[in-house]
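In what follows, a single structure is set out as structure tokens and then discussed.
Just so you know, ligand 1 is whichever comes first in the structure, and atom 1 is the first atom listed for that ligand. The residues of the chain are indexed from 1 along the displayed sequence. Because only heavy atoms are used, hydrogens play no part in the values below, and waters and symmetry mates are left out as well, while side chains stay in.
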Amino acid sequence: MGYRIGMDVGGTNIVAGIFDADGKLLRRSKTRTVKSSSNELLEQLASLCKELLTVEQISEELLISVGIGLPGFINKETGLVTAANLPFNDIPVAERLNVLIGVPVTVENDVKMIVYGESLKGAGKAYSHVLGITLGTGMSSAWVTNGSLHGGAGGLAGEIGHIAFADIPYVCGCGMTGCLETVVSASGVARQARDGLAAGWVGLLADRFPSELRDELTSKDVWQAYMDGDAFAGQVFQRTASWLSRVIIPSVALLSPDVIIVGGGVAAAGDVFFEPLRAYVSENLHPLYRERLLIVPTLLGEDSGIYGSAEYAARQRIA
Ligand SMILES: [Zn+2]
């Protein structure tokens, strides 16, 4: 049993961590993502691994696996990776990194790795059936039951952000109209606020974001305005919770999770989002679910993904 590395490769930053055989995080690093070319990004990932080994004074032979989580689609048959916010377009990332690093490399979708990490070491640690949802730039989900990740046919399970509703008017990045992620992701929360301001909302948010600054408004600004007493900002989170409950309710009936873990920028809003979410979900479910269901935020912050990818890769190797 040796050391393992996990990396969460985002469009802006890379978080990397080295773990011992017991899954204890020894050291982590955070770096800006190099996006100039696929070769340079692969070189960057390889040198991040080497740096972690050097700083921890661990010899290369003791590293058993490297796990990568990234925001993209991984073709399970060919190993080709395509990621819109990274310079990967049909690139065999695992195979290329394996040559550069010399150990088996596993590449998976970042949300799956975040949820996997939370299910093993974070908010889902005490439970067997974990549904995780992230509300960041986009919206996605993953399902872990008894420690194993459910990929579904083609590895496509979990794309709940692209369930469309007739009363959502926005065109999504995927090309469809009405996708849930256009309103409940962090970008969606900002969009709701911008639309409200355009329709004439008054208050703190309106004072802080006159029309010329409106494009810069983020979900964090909406939350800050709520904390400072803006009533409209609070309503944005309530409406977001109501929309999200539309997919959580059937998911609970279908899967019966012990816990639903919600992460990403929107979840950082805390009670103003979680309290109405729990209420909407609870009101519309059979009492049997209501008594046991928990809906909680993630616990490991920006390290969820490295815990998940490191452990996932190590288990793939052992299996
Ligand atoms: Zn969509």
Side-chain angles (χ1 to χ4, degrees), residues 8-12 69-76 80-90 107-116 131-143 149-196 198 214-215 217-220 222 236-255 260-269 273 277 280-281 295 298 305:
D8 189 2
V9 182
T12 310
L70 53 78
F73 176 70
I74 298 102
N75 185 316
K76 298 287 174 193
L80 297 176
V81 173
T82 298
N85 293 318
L86 297 172
F88 290 152
N89 188 7
D90 277 348
V107 179
E108 252 300 352
N109 173 269
D110 58 346
V111 172
K112 287 195 169 73
M113 293 298 93
I114 286 167
V115 175
Y116 194 65
L131 176 64
I133 296 172
T134 59
L135 307 172
T137 312
M139 173 197 191
S140 192
S141 75
W143 169 241
L149 187 67
H150 174 77
L156 292 172
E159 293 299 335
I160 58 172
H162 302 283
I163 298 173
F165 292 92
D167 59 348
I168 298 176
Y170 306 105
V171 177
C172 179
C174 76
M176 298 205 303
T177 298
C179 286
L180 196 62
E181 84 165 31
T182 66
V183 286
V184 307
S185 61
S187 334
V189 164
R191 171 186 279 126
Q192 289 185 56
R194 278 198 300 272
D195 272 16
R214 223 161 269 167
D215 286 347
L217 191 156
T218 66
S219 64
K220 206 172 170 185
V222 183
V236 169
F237 288 107
Q238 281 162 22
R239 200 172 321 124
T240 304
S242 165
W243 264 316
L244 181 59
S245 72
R246 292 181 183 184
V247 297
I248 289 190
I249 291 160
S251 304
V252 172
L254 199 61
L255 302 168
I260 296 174
I261 303 171
V262 188
V266 179
F273 168 68
L277 180 62
Y280 289 127
V281 171
I295 302 179
T298 50

Kindly indicate whether the side chain of [X], heavy atoms from C-beta on, has any atom under 4.5 Å from the side chain of [Y].
X: His150; Y: Lys112; value: no
X: Ile168; Y: Trp243; value: yes
X: Met113; Y: Asp8; value: no

Results of salt bridge (Lys or Arg N to Asp or Glu O under 4.0 Å) for Glu181 - residues two or more places apart only: none
Under the side-chain contact (heavy atoms from CB on, under 4.5 Å) test, residues paired with Leu135 that sit two or more places apart: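 Scan of Leu135 (side-chain contact (heavy atoms from CB on, under 4.5 Å), adjacent residues dropped) gives Ile133, Met139, Val184, Leu244, Val262, Val266, Phe273.
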Neighbouring protein N, O or S atoms of the Zn ion (ligand 1), below 2.8 Å: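 With waters ignored, the protein N/O/S count below 2.8 Å is 4.
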Salt bridge (charged side-chain N to carboxylate O under 4.0 Å, His left out) pairs, two or more places apart, involving residues 80-89: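 Matches after skipping sequence neighbours: none remain.
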